[in-house]
Amino acid sequence: MKRLMGWLFDAYAQANALTVWLIDEEGMAHRLTDRLRPSFFVSGTRAELHQVCEWITRAGLPVRLKRAERRDLFARHMLILLEIQVLIPSQYALLVHRIHTTFPSLTLYNADLSISQFYFFERNLFPLAYCEALANESNVIVEIHSDDSRWALDYGVPPLRSMVMQLEGGTPNPNRGQSAPLEITYNDRTYQLPNEDERTTVEWVNAHLTRCNPDVIITRWGDSFILPRLVQAAQRHHLPLHLNRDPNCRTQMRPARSYFSYGRIVHKTMSHTLFGRWHIDLNNAFILDYDLEGAVEVARLTQQPMQQVVRVSSGTGISAMQVATAYHNGYLIPYQKSEPEEFKTARDLLTSDKGGLTYQPITGLHFDVAELDFASMYPAIMARYNVSPETIHCSCCPESRVPEIGYSICRRERGLVPETLAPLIQKRLTYKKRLKQTTDVNEKESYRRRASAQKWLLVTCFGYLGYKNARFGKIEAHEAVTAYGREMLLRAKDLVEERGFRVLHMLTDSLWIQKPGTSDGEYELLTHQIERTTDLPIELEAIYKWVAFLPSRVNPYASVPNRYFGAKRDAELKIRGIEARRGDTPAFIRAAQIELLEEMAQADSRVELAARLPRLLEMVRAYEYQLRAGQVALEELAFTFRLSRAPQAYVVNNLNAIVAREFMRRGVQLEAGESIQYVVTNYRAKIPRERVRAMEFIGEAKNYDAERYVQVLARAVETILTPLGINATMLTDWQKKTLLSRSLQARVVGNPEREYWGPLFEDST
DNA sequence: TCCTCACGGGG
DNA sequence: GTGTACGTGAGGA
């Protein structure tokens, strides 16, 4: 018998047991096995369940049958069920599938969890939990337990050995034509592949894997290019390939897919995951947003294996947390539906425009403005007001009503969603508090990363309530959250107005308010009062020297809610909706716009802004000169866009479609959801494909179209100078030197709010 | 003028 | 192993 202490690294079904990997303090990896008998449930009439039993007995399936009573979350009462305990965990999915296809009319529960989820739930464990295991001579776990908790604020991570595998040069997508030789890096040394011969390549990779014995293989384009090629080469030459640490396992491939998420098509390439070792492809990972430390936090919180965490969206994460809560509380877990898109019903259309509250801001430039933000408003509402799919329309609390829409909502029993969210909100709050208190740079970074990863789980939780394929979703719960949101924002509005503030703008969870001479103490008092009336946390997000709310480009007399920018007291910028915030804007244009705004952010008043106008105009002239002189690097000028469909499906022949089709013409297959970058080479060229060049083929481009980029720059400049009351004629005149900047300044100082002078460059509209 | 198409948000 | 909705602006036809 031996005793092992270490971090839980991996767990998966293998043969008739479970393989569990622990990594100890010295960085040694230990392969153990454990027993697991996951159960799923069948619901039906007594006769139907009897039929299932008979069929299973006749088929001689490796299961144990029991009668069980469990609660259905929505039914809120006990159901009599048939429990099917699977004796061989690796056959769980297969057995579920057989029962499902043989008895398609019966409802199954707990039928689509992963084996690792079952294991974590049953043993009260999670990825990277610090555990103590007792194992016998055959490495079979006799006992395993952990004092570590998903809610622990401070935790250690194992000392992981990593190997980097990429193609020389790193970044360009090798699936689009240009490849490069493979290179491997570990222990601060990089090794280049000696030659391209397939047999040599496989043997060379094997040698390095054996020598380094990494816990993690970090790649660029490993999922879609390097690993599939290695696997194929090894197969062709009948060679072993030591990517997996577990000698009995083969690399698991999942095919590429495009799916609809966040209102757009996302493309995920095929994936290749390993056993006993992690493969993380930086080009196929969501962790790019919050890095490895955030991913570890999410793996621990959501109880999903690390290789999965880095490849799936945070929606999957919060859904997994809800499943964990349900399992822990003994609720039956319904299937994750996957219904295809359907047409909207009239009811959907009716309720669709009742989301967050949006105000029409008062257009123009405002000085000394405060912004108040409800902190994580929607998650806070779900937790505080007990909004959950099963608490809506409850029959036990008819007195408790959701504002405006009047649904009853349970007060007696805490819902699944609030129960899942509450500790997460609390943990994040503590990290944010520590973030402010600590002076240690590393600690700060650590808290920031974890809090940021948690933020994503919270944000997507709300969306999941309204998602028709969610396990625990209900559109009425979704509506209830936004109804509470509108109610609380309006309560805050009433309160600030009572105290003499002018409300300039409101947007879902934020208010921009103004009252000359307000002290910091009064703001603090104000937030406390709002918190008392709404029972939700609200923060003074910023005090702005000035903030500009933009008019609509279509209708200059109307304001738009989502396009604004401002300078905080410390000159920090806040920018929303304009070119610099958009992912499709070329870096050069973004940098120019931000630099101009930074110059403006130095000004405290309208007079000071006017005084900086000559400098601003000089800066614009300098950018323009750089463009025309051909001094700007092509990378800085690349437009980025994401394909929403197959290249041939585009109806309008704009630049995006032309680039996409150019890839097709060159034999590169592009899928919906893939991202493309290109430079405009000759905007007015007769032959469409000469107008643009994709970054992959940028070597063929002689030059960029300076005139076109000047035009794009002009529009970005116009966006930010509009609130200063500068119009097209004025700027064109200035360019022609017929108007002195002195008179422009006079216009800025004299510009009343709401006033709008029309577009900046006449020929740009 | 109408239609097509891409993006934002939360940090 | 997949949030929703809509509003906005650019540009082609």
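Naming: A, B, ... by sequence-line order, numbering from 1 per chain.
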Distance, rounded to the nearest Å, where A/Ile475 contributes CD1 and C/dT4 contributes C1': 7 Å
Of the listed nucleotides C/dT2, B/dA6, C/dG9, the one nearest the side chain of A/Ser552: C/dG9
For A/Glu579 and B/dG8, what is the distance between atoms CD and P respectively, to the nearest whole Å? 12 Å
Rounded to whole Å, CD of A/Gln454 lies from C1' of B/dG11 at a distance of 13 Å
May I have the list of side-chain donor-acceptor pairs in residues 639-652 of chain A shorter than 3.5 Å, sequence neighbours left out?
from: A/Thr640; atom 1: OG1; to: A/Gln677; atom 2: NE2; distance (Å): 3.0
from: A/Arg642; atom 1: NH1; to: A/Gly673; atom 2: O; distance (Å): 3.4
from: A/Tyr650; atom 1: OH; to: A/Ser644; atom 2: N; distance (Å): 3.1

Parallel, tilted or perpendicular: which fits the ring planes of A/Tyr564 and A/Trp512, with parallel below 30° and perpendicular above 60°? perpendicular
What's the closest nucleotide to the side chain of A/Ser313 if the choices are C/dG3, C/dG12, C/dT8? C/dG3
With sequence neighbours excluded, residues passing salt bridge (charged side-chain N to carboxylate O under 4.0 Å, His left out) with A/Glu671: none
Of the candidate nucleotides C/dA10, C/dG9, C/dT4, which contains the atom at the shortest distance from the side chain of A/Tyr467? C/dT4
Near-strand residues of residues 672-679 of chain A, defined as heavy-atom separation under 4.0 angstrom from DNA chain B: none
The nucleotide from C/dT2, B/dG11, C/dG11 with an atom nearest the side chain of A/Tyr259 is C/dT2
Give me the residues of residues 561-576 of chain A where at least one heavy atom lies under 4.0 Å from an atom of DNA chain C, by number, or none. A/Pro561, A/Arg563
Quick one: which of C/dG3, B/dA6, C/dG11 gets closest to the side chain of A/Asn656? B/dA6
Measure the distance from OH on A/Tyr650 to P on B/dT4 and round it to the nearest whole Å. 14 Å
Distance from A/Thr482 atom OG1 to A/Arg486 atom CZ, nearest 0.5 Å? 4.5 Å
Using side-chain contact (heavy atoms from CB on, under 4.5 Å) as the criterion, list what pairs up with A/Val560, not counting sequence neighbours. A/Ser552, A/Arg563
Restricting to salt bridge (charged side-chain N to carboxylate O under 4.0 Å, His left out), what partner residues turn up for A/Glu371, sequence neighbours left out? A/Lys574
Expressed in angstrom and rounded to an integer, what is the separation of A/Arg645 atom CZ from B/dT4 atom C1'? 8 Å
Distance in angstrom units between A/Leu655 CG and B/dT4 P, rounded: 19 Å
Per A/Asp584 side chain, nearest of listed nucleotides B/dT4, B/dA6, C/dA10: B/dA6
Heavy atoms under 4.0 Å, any strand shown: does A/Thr316 hit a base, just sugar-phosphate, or nothing? sugar-phosphate
The side chain of A/Arg708 is closest to which nucleotide in this list: C/dG9, C/dG11, B/dG9? C/dG11
Do A/Glu718 and A/Arg553 sit within salt-bridge range, that is, some charged N less than 4.0 Å from a carboxylate O? yes
Is the phosphate of C/dG11 approached by A/Arg715 (side-chain N or O, under 4.0 Å from OP1 or OP2)? yes
Which residues pass the side-chain hydrogen bond (donor to acceptor under 3.5 Å, both in side chains) test with A/Thr302, not counting sequence neighbours? A/Gln304
Residue A/Val651, side-chain atoms from C-beta onward, closest of B/dG11, B/dT4, C/dG12: B/dT4
A/Phe374 near the nucleic acid: base, sugar-phosphate alone, or nothing, with a heavy-atom cut-off under 4.0 Å? nothing
Quick check: any donor-acceptor pair below 3.5 Å linking the side-chain of A/Arg581 to the base of B/dG11? yes
To the side chain of A/Ser644, which of C/dT2, B/dA6, C/dG9 is closest? B/dA6
List for me each residue that meets side-chain contact (heavy atoms from CB on, under 4.5 Å) alongside A/Ser116, sequence neighbours excluded, and say none if there are none. A/Ser114, A/Phe120, A/Pro305
Report the distance from atom NZ of A/Lys468 to atom P of C/dT4, rounded to the nearest whole Å. 6 Å
Using atom CZ of A/Phe260 as one end and atom P of B/dA6 as the other, report the distance to the nearest whole Å. 12 Å
For A/Pro389, all residues meeting side-chain contact (heavy atoms from CB on, under 4.5 Å), sequence neighbours excluded: A/Phe74, A/Val417, A/Leu465, A/Phe472, A/Lys474
Reckon A/Val554 touches a base, only the sugar-phosphate, or nothing at all at heavy-atom distances under 4.0 Å? sugar-phosphate
With the side chain of A/Asn653 defined as its heavy atoms from C-beta on, choose the nearest nucleotide among B/dC7, C/dA13, C/dA10. C/dA13
Expressed in whole Å, how much space separates the P atoms belonging to C/dT2 and B/dG9? 23 Å
Does A/His267 form a side-chain hydrogen bond (donor to acceptor under 3.5 Å, both in side chains) with A/Ser258? I'd like the steps, not just the answer. CA-CA 4 Å; A/His267 179 73; A/Ser258 287; 3.2 Å; yes
